[in-house]
Amino acid sequence: MTNKIKHGLLAVAAAVSSGAALADTDPGVAAITALSSTAQTYITAAFGVAVLVAGGFWGIRMMKKAFSKAG
């Protein structure tokens with residue numbers, strides 16, 4: 001390997017190891033990790049609302065078709 005590649009690999013290894021050490025002590029990372037379950041709940045609820053709204057519009061469209069054929 002060339003010296004540039006070796007230097008790059010060493011730099012990446014150093015960044016990864018320091019990033020892992022920082023993640024263990026950083027309160028911001030701990031706060032984000034704690035919020036992940038809350039975020040998952042909100043995402044699930046938003047998806048449920050989107051499905052409900054889409055179903056409502058589909059139902060309205062089907063009723064319009066049915067009433068237009070009946071009249």
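- Between the side chain of Ser36 and the backbone N or O of Ile32 there is no donor-acceptor pair closer than 3.5 Å.
- Through ILVMFWY side-chain contacts below 4.5 Å, Tyr42 is grouped with nothing and stands alone.
- Here the straight-line distance linking atom CD1 of Ile60 with atom CE of Met62 works out to 11.5 Å at 0.5 Å rounding.
- Its side chain outside the 4.5 Å cluster rule for every partner, Ile43 clusters with none of the Ile, Leu, Val, Met, Phe, Trp and Tyr residues.
- Cluster partners of Val53, by chain and number: Val49, Phe57. The rule joins Ile, Leu, Val, Met, Phe, Trp and Tyr whenever side-chain heavy atoms lie under 4.5 Å apart.
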